[in-house]
Amino acid sequence: MVLPKISRFGFIAGLVVLQFFYTLTEKVTPDSLAVGDPIASHPDLQAGVTALQEFYDPETGLWRTAKWWNSANALETIVDYSSATRNQAAYQGIIANTFDKQKQSKFLSPWFHDDDGWWALTWIKAYDLTGEPQYLEMAKFIFEDMKQGWDSTCDGGIWWLKNRSYKNAIANELFLTVAARLHLRTPGDAGAGSYLDWAEKEWNWFQQKGLTNSSNLVNDGLDENCHNNGQTTWTYNQGVILGGLVDLYKSTGDPNLLTKADAIAHAAITTLAPDGILRESCEPSDCGIDGSQFKGIFIRNLFYLYQTTGNLDYKVFILKNADSIWSQNRNSTNQFGLTWEGPFDSADAVRQSSAIDAISAALALGR
């Protein structure tokens, strides 16, 4: 008898208690996954990725139904899948095609600094996967453009819009993360003007401006008086900062960075996840193309934090969300909708890549 796929997720969740004593300090990384591990051929993950690629347009190298920045995240989903499954050959052509089709743009947005940051992070991961130096060089070029958004308004920080309107959390979280990751991949990087210098400067500014509120959640941005505006605590704002803090910790060894990351992660999974399932504040109504991407970004970064700290709460949370996506929010063609507790509403590349981020992390954890 062939058990349905949801039973496998349920079995994994059931083992969590039994695994407690030896998973508490477990670190799961792509390099630790042997070729024969279940994630390398798991049908749930492959089915989701296949459905995502039905939206891919080889002529543009982008994903139909997605915006510019969403396509960067869809490509990062593909890179993560390739890394986790050690199946680099399957999608290296997609990575190279997107680069070749769009490289004349230098992956720069005419309008938004945060759009630039998404592409920089994706090309850093593509470099890690393939070793292609052109991908890392592109990320460094993008970072130079992001630096132009920093000025003395509000004592620092980069603007969200390139016309210098609105200093918000996401643009600065991405600036921090890109800087820290480039430092880790640039031998000899040190001193004034280095990637590390920018990362530390950004984090000091972020804290001084109070973008993280008293509940340890990151609000959307700053008001006209350069104070926390108290606006929506989007899930992706809780996620990107986790990745940046982990990389800054790896750069400096400062344990306070992980303490802060844990505080934000704990606040997010207890406040933004009714019944343990992550939910965007715009749900269940339409979150648009932008909001539909956010939750996967949070899970991607929560998994990265788990790899560093081994906090069992994060593992349980990721498994529960992936289980719900597969059992409650999937149609007959393995497409995933907006609301992870279901029911399925509609399909697009953004919903799909966001959900795959969660499933990919869960299968790596439950191998």
Side-chain angles (χ1 to χ4, degrees), residues 113-114 117-118 121 146 149-160 166-181 196-274 278-282 290-291 293-306 308-309 311 313-314 317:
H113 284 297
D114 61 330
W118 297 115
L121 291 182
M146 295 180 75
W150 185 284
D151 66 11
S152 60
T153 302
C154 295
D155 304 314
I158 70 169
W159 294 95
W160 177 48
Y166 193 33
K167 289 199 171 179
N168 70 350
I170 193 59
N172 284 281
E173 290 175 335
L174 288 164
F175 189 65
L176 164 65
T177 307
V178 173
R181 291 188 182 173
L196 180 58
D197 183 44
W198 276 109
E200 292 182 317
K201 183 187 300 185
E202 171 60 61
W203 176 235
N204 289 334
W205 176 85
F206 199 92
Q207 293 183 94
Q208 290 167 5
K209 291 295 113 181
L211 280 162
T212 306
N213 63 33
S214 60
S215 299
N216 284 313
L217 292 174
V218 179
N219 292 102
D220 191 69
L222 301 179
D223 61 22
E224 63 277 7
N225 296 313
C226 299
H227 300 143
N228 185 321
N229 61 19
Q231 292 183 16
T232 307
T233 52
W234 301 109
T235 60
Y236 79 153
N237 273 330
Q238 320 316 313
V240 175
I241 194 66
L242 301 183
L245 290 173
V246 167
D247 284 316
L248 191 54
Y249 163 75
K250 290 180 177 180
S251 301
T252 65
D254 181 357
N256 293 320
L257 298 166
L258 290 186
T259 300
K260 185 61 176 180
D262 279 328
I264 294 170
H266 179 74
I269 66 178
T270 56
T271 306
L272 306 181
L278 196 62
R279 174 183 280 254
E280 211 62 60
S281 60
C282 50
D290 290 334
Q293 189 84 64
F294 293 170
K295 292 182 296 186
I297 293 166
F298 174 78
I299 295 290
R300 180 195 304 158
N301 285 282
L302 184 68
F303 174 60
Y304 189 44
L305 178 60
Y306 172 81
T308 305
T309 68
N311 188 317
D313 290 342
Y314 307 154
F317 184 80

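This chain uses plain numbering: 1 for the first residue, then up along the sequence.
In this structure, Glu280 and Lys295 approach most closely via the heavy-atom pair OE1-CG, 3.5 Å. Shown here for Ala169 and Val218, the closest heavy-atom pair between the two residues is CB-CG1, 3.6 Å. The shortest heavy-atom contact between Lys167 and Gly156 is NZ-O, 2.7 Å. For the pair Trp150 and Lys201, the tightest heavy-atom approach, listed with the atom from each and the gap, is CZ2-CD, 3.5 Å.
By the side chain to side chain contact (heavy atoms under 4.5 Å, CB included) test, Thr271 is found to be paired with Leu217, residues two or more places apart in sequence or in another chain being considered. Every residue meeting the side-chain hydrogen bond (donor to acceptor under 3.5 Å, both in side chains) condition with Trp160, not counting sequence neighbours, appears here in chain and number order: Asp114. Legend: residues meeting side-chain hydrogen bond (donor to acceptor under 3.5 Å, both in side chains) with Glu200, ordered by chain and number and at least two apart, are absent. In this structure, the side-chain hydrogen bond (donor to acceptor under 3.5 Å, both in side chains) partners of Trp234, at least two apart in sequence or on a different chain, are Asp220. Qualifying side chain to side chain contact (heavy atoms under 4.5 Å, CB included) partners for Asn219, counting only residues two or more places apart in sequence or in other chains: Asn213, Asn228, Asn229, Thr233. Asp223 is linked by a salt bridge (Lys or Arg N to Asp or Glu O under 4.0 Å) to nothing, counting only residues two or more places apart in sequence or in another chain. Residues passing the side-chain hydrogen bond (donor to acceptor under 3.5 Å, both in side chains) test with Trp159 are Asp151, sequence neighbours excluded.
For the pair Phe294/Leu278, no side-chain contact is recorded, criterion being any heavy-atom separation below 4.5 Å from C-beta on.
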Pair up each side-chain donor or acceptor in residues 257-267 with any protein partner under 3.5 Å, not counting sequence neighbours, and list the distances.
| from | atom 1 | to | atom 2 | distance (Å) |
| --- | --- | --- | --- | --- |
| Thr259 | OG1 | Pro255 | O | 3.2 |
| Lys260 | NZ | Asn216 | OD1 | 3.4 |
| Asp262 | OD1 | Tyr314 | OH | 2.5 |

Distance-only check: which donor-acceptor pairs under 3.5 Å involve side-chain atoms of residues 242-254, not counting sequence neighbours?
| from | atom 1 | to | atom 2 | distance (Å) |
| --- | --- | --- | --- | --- |
| Asp247 | OD1 | Tyr304 | OH | 2.6 |
| Asp247 | OD2 | Arg181 | NE | 2.5 |
| Asp247 | OD2 | Arg181 | NH2 | 3.4 |
| Lys250 | NZ | Tyr304 | OH | 3.0 |
| Ser251 | OG | Asp247 | O | 2.8 |
| Thr252 | OG1 | Leu248 | O | 2.9 |
| Thr252 | OG1 | Asp254 | N | 3.2 |
| Asp254 | OD1 | Asn256 | N | 2.9 |
| Asp254 | OD1 | Asn256 | ND2 | 3.3 |

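Pairs engaging residues 200-234 under the disulfide (SG to SG under 2.5 Å) rule: Cys154-Cys226 [sequence neighbours left out]. Note on residues 169-178: no pairs pass side-chain hydrogen bond (donor to acceptor under 3.5 Å, both in side chains), not counting sequence neighbours. Residue pairs that meet the salt bridge (charged side-chain N to carboxylate O under 4.0 Å, His left out) test with at least one member in residues 204-217, sequence neighbours left out, are Asp155-Lys209.
Applying side-chain contact (heavy atoms from CB on, under 4.5 Å) to Ile241 and the options Thr212, Leu211, Leu176 leaves one that passes, Leu176.
Note that CG of Leu174 and CD1 of Ile158 are 7.5 Å apart. Values are rounded to the nearest 0.5 Å.
Ring-plane geometry between Phe317 and Phe298 is classed as perpendicular, the angle between the planes exceeding 60 degrees on a 0 to 90 degree scale with a lower cut at 30.
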